[in-house]
Structure formats: C-alpha cells, structure tokens
Amino acid sequence: QVQLVESGGGLVQPGGSLRLSCAASGSIFSINAMGWYRQVPGKQRELVGGITSGNSTNYAGSVKGRFTISRDNAKNTVYLQMNSLKPEDTAVYYCNADVIPTGMGRLQYRYWGRGTQVTVSS
C-alpha cells in the first residue's frame, strides 16, 4: 500500500507565495516521476508540472517562471513552490507519483494524493 499526502495549502493574497509538500509513504521500492496537477470545480484536472527521478522538470505555460518543483528522494517528497500567485491559480492541487511498490516485481503504478486547497484572494 502506498499513500501520498499533500500539505501546505491555504489562503494567500495575490502576489503572495505558498509551498506545497507531498510525501509518499508505504511499501515503496522506488519512485520515478512525480508531479502536480490542479482542478477547479467544473473543469478537468490540468497539469501544473512534473519532475523526473533525475530532477528534470517541466511546467505548464501558465505557471512557468512562477512555480518551481523540486524533490527530496531521501524523504520520498515532492515540493511545489508557488510565487507571484494569481486568483486564477485558485484550485485543489493534487500530487502524483509513479511508484514501483515493493514485492510486486518491477511494475509501476501511478498514485494520487487527496488534494489540498489553494485559494488566492484579497
């Protein structure tokens, strides 16, 4: 069993910053790519960005230059540093991880967290 738990969401004023964390725990052999998505009610979940096991990153155009994804492999944790936040960044943010669980051969599975709310408002 593998669990992902996000933290760090909240209310912030436009122009402010927040740092989200997502920790993976459980029967983990290794983690390949990790990433962040966000979803607004009534809309599809959209990619924010991702990071490979080799620390290569990619970002959606709407957040490039404002958001930074990093990871701590020793802690099985991925971070999302969000700067210069805008009201349109308001959403539930979800992390995911491509995990090879222990005891299940070398098959990889994508796991998701339950999400954390980020609200950007004055």
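Every heavy atom of this structure was used, including side-chain atoms; hydrogens, water molecules and symmetry mates were not. Numbering of residues begins at 1 and proceeds along the displayed sequence. Note that the structure is a prediction, hence the values are computed from the model and not measured.
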Inset, instruction - Apply side-chain contact (heavy atoms from CB on, under 4.5 Å) to the pair Thr102 and Phe29, showing each step before the final yes or no. - result: CA-CA 5 Å; Thr102 56; Phe29 176 76; 3.8 Å; yes

Inset, instruction - Apply side chain to side chain contact (heavy atoms under 4.5 Å, CB included) to Arg66 and list each qualifying residue two or more places apart in sequence or on a separate chain. - result: Val63, Ser84, Lys86, Asp89

Inset, instruction - State plainly whether the residues Glu6 and Arg114 are in salt-bridge range, i.e. N to O under 4.0 Å. - result: no

Inset, instruction - Give the minimum heavy-atom separation between Ala97 and Leu4, together with the two atoms involved. - result: N-CD2, 3.6 Å

Legend entry - Neighbour count >12 (heavy atoms, 6.0 Å) for atom CD, Gln1: no

Legend entry - Side chains of Lys75 and Ser21 in contact at under 4.5 Å (non-hydrogen atoms): no

Inset, instruction - Taking the side chain as every heavy atom from C-beta outward, state whether Asn73 and Ile31 have any pair of such atoms under 4.5 Å apart. - result: no

Legend entry - Spacing of Thr116 atom OG1 and Arg38 atom CZ [to the nearest 0.5 Å]: 14.0 Å

Inset, instruction - Answer yes if Ile28 and Met104 sit in the same cluster of Ile, Leu, Val, Met, Phe, Trp and Tyr residues linked by side chain heavy atoms under 4.5 Å apart, and no otherwise. - result: yes

Inset, instruction - For Thr57 and Ile51, indicate whether the former's side chain and the latter's backbone hold a donor-acceptor pair under 3.5 Å. - result: no

Inset, instruction - State, with a plain yes or no, whether a side-chain heavy atom of Met82 is found less than 4.5 Å away from one of Val48. - result: no

Inset, instruction - Over all heavy atoms of both residues, which pair between Asn76 and Met34 is shortest? Give the atoms and the distance, please. - result: O-CE, 4.1 Å

Inset, instruction - Please confirm whether the backbone N or O of Asn96 pairs with a side-chain atom of Tyr37, one donor and one acceptor, at under 3.5 Å? - result: no

Legend entry - Shortest non-hydrogen contact between Asn83 and Ser17, atoms and distance: OD1-OG, 2.9 Å

Inset, instruction - Could you note down all residue pairs passing disulfide bond (SG atoms under 2.5 Å apart) where residues 60-122 supplies at least one of them, sequence neighbours left out? - result: Cys22-Cys95

Legend entry - Inter-residue atom distance Thr68.OG1 - Tyr79.OH, 0.5 Å rounding: 14.5 Å

Inset, instruction - Look up atom CD1 in Ile69 and atom OG in Ser56, then write down how far apart they are to the nearest 0.5 Å. - result: 12.0 Å

Inset, instruction - Answer yes if Val2 and Ile100 sit in the same cluster of Ile, Leu, Val, Met, Phe, Trp and Tyr residues linked by side chain heavy atoms under 4.5 Å apart, and no otherwise. - result: no

Legend entry - CD on Gln39 to CD on Glu46, rounded to 0.5 Å: 9.5 Å

Inset, instruction - Check Tyr94 against Gly113 and note the closest heavy-atom contact, atom names and distance. - result: CD2-O, 3.6 Å

Inset, instruction - For residues Gln117 and Leu11, determine if any side-chain heavy atom of one lies less than 4.5 Å from a side-chain heavy atom of the other. - result: no

Legend entry - Min side-chain heavy-atom separation Asn58-Leu47 under 4.5 Å: yes

Legend entry - Donor-acceptor side-chain pairing of Asn32 and Ser53 below 3.5 angstrom: no

Inset, instruction - Looking only at non-hydrogen atoms, find the nearest pair between Thr52 and Arg71 and report the distance. - result: O-NH1, 3.0 Å

Legend entry - Spatial distance of atom OG (Ser121) from atom CG (Leu85) [nearest 0.5 Å]: 12.0 Å

Inset, instruction - On the 0 to 90° scale, with breaks at 30° and 60°, tag the Phe67-Tyr93 ring pair as parallel, tilted or perpendicular. - result: tilted

Inset, instruction - Identify the heavy atoms of Thr90 and Val120 that sit nearest to each other, and give their distance. - result: OG1-N, 2.9 Å

